[in-house]
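For reference, the structure discussed in these notes is given below.
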Amino acid sequence: MKYYFIILLLLFTSSCSHNRRGNNSAYENGQKISGKVIKIIDGDTYDLLTDDKKTIRVRMEGIDAPEKGMPYYKASKNHLGSLCMNQRIEVVKTGEDKYGRMLAFSYLPDGSELGHLMIAAGMAWHFKKYNDDEDLAALEIEARKNKAGLWAENCPIPPWEVRRLQREGMSNDEIYAEYRYSYCN
């Protein structure tokens, strides 16, 4: 009886998490999925309610936005929300990340792509480690030149560097006080 209860609990927990985020692997790479943006997680991640009533967590392809606690985190998150919150959009799946989020390009009804808009506004970096899109690279160069958004800072530290330093045990205070000097010089 004890084992029966544990199995039921595991099945219930599994089905709840499946229903909350949808089953991203049910979608093929290259597949177009339509839905409504229902929640902004940060400047590069949002939840999409699909037309078949599944919620999918989407990590935008090709960009990396400031993490919570970083300068421009709120500005980036708010900018993404102003572009797409409660809007119907279409995503094109490019893969999945290690956290099970769908990687995708995200298109507004007018055809503009959200990642491109975020980089052009200076609200995210081009995530070159995982994406070699020349348009995203050019948009970042232009945003830097124009000191748009986070590029108004003297030396913004990219999120992947912040995450790496946090994994090494540095606090945000240490990162922005000590590391900024060595990173920027």
Side chain to side chain contact (heavy atoms under 4.5 Å, CB included) filter on Asp97, not counting sequence neighbours, yields Arg59, Tyr99, Arg101, Leu103
All pairs passing salt bridge (charged side-chain N to carboxylate O under 4.0 Å, His left out) where residues 137-148 contributes a residue, at least two apart = Lys128-Glu140, Glu140-Arg144, Glu142-Lys145
Tyr107: which other cluster members, linking ILVMFWY side chains closer than 4.5 Å, directly or transitively?
-> Val92, Phe105
With Gln31 via side chain to side chain donor-acceptor pair (under 3.5 Å) - residues at least two apart | none
Mind checking side chain to side chain contact (heavy atoms under 4.5 Å, CB included) for Asp52 and listing every partner two or more places apart, or none if nothing turns up?
-> Tyr27, Thr50, Lys54
Please tabulate, one pair per line, all N/O donor-acceptor pairs under 3.5 Å involving side-chain atoms of residues 129-138, not counting sequence neighbours.
{"unit_1": "Asn131", "atom_1": "OD1", "unit_2": "His126", "atom_2": "NE2", "d": "2.9"}
{"unit_1": "Asn131", "atom_1": "OD1", "unit_2": "Asp133", "atom_2": "N", "d": "2.8"}
{"unit_1": "Asn131", "atom_1": "ND2", "unit_2": "Glu61", "atom_2": "OE2", "d": "3.1"}
{"unit_1": "Asp133", "atom_1": "OD1", "unit_2": "Asp135", "atom_2": "N", "d": "2.7"}
{"unit_1": "Asp133", "atom_1": "OD1", "unit_2": "Leu136", "atom_2": "N", "d": "2.9"}

If you look only at pairs with a residue in residues 135-159, which of them pass as a ring-ring contact (aromatic ring centres under 6.0 Å, His included), with sequence neighbours excluded?
-> Trp125-Trp151
How does the hydrophobic cluster around Leu49 look, that is, which other residues are in it when side-chain heavy atoms under 4.5 Å mark a link?
-> Ile38
For residues 74-92, which residue pairs qualify under salt bridge (charged side-chain N to carboxylate O under 4.0 Å, His left out), counting only residues two or more places apart or in two chains?
-> Asp51-Arg88
Contacts of type side chain to side chain contact (heavy atoms under 4.5 Å, CB included), residue Ala75, not counting sequence neighbours = Tyr72, Met123
Please identify each residue that fulfils side chain to side chain donor-acceptor pair (under 3.5 Å) with Ser76, with sequence neighbours left out.
-> none
Could you pull out all residues at least two apart from Glu113 that satisfy salt bridge (charged side-chain N to carboxylate O under 4.0 Å, His left out)?
-> none
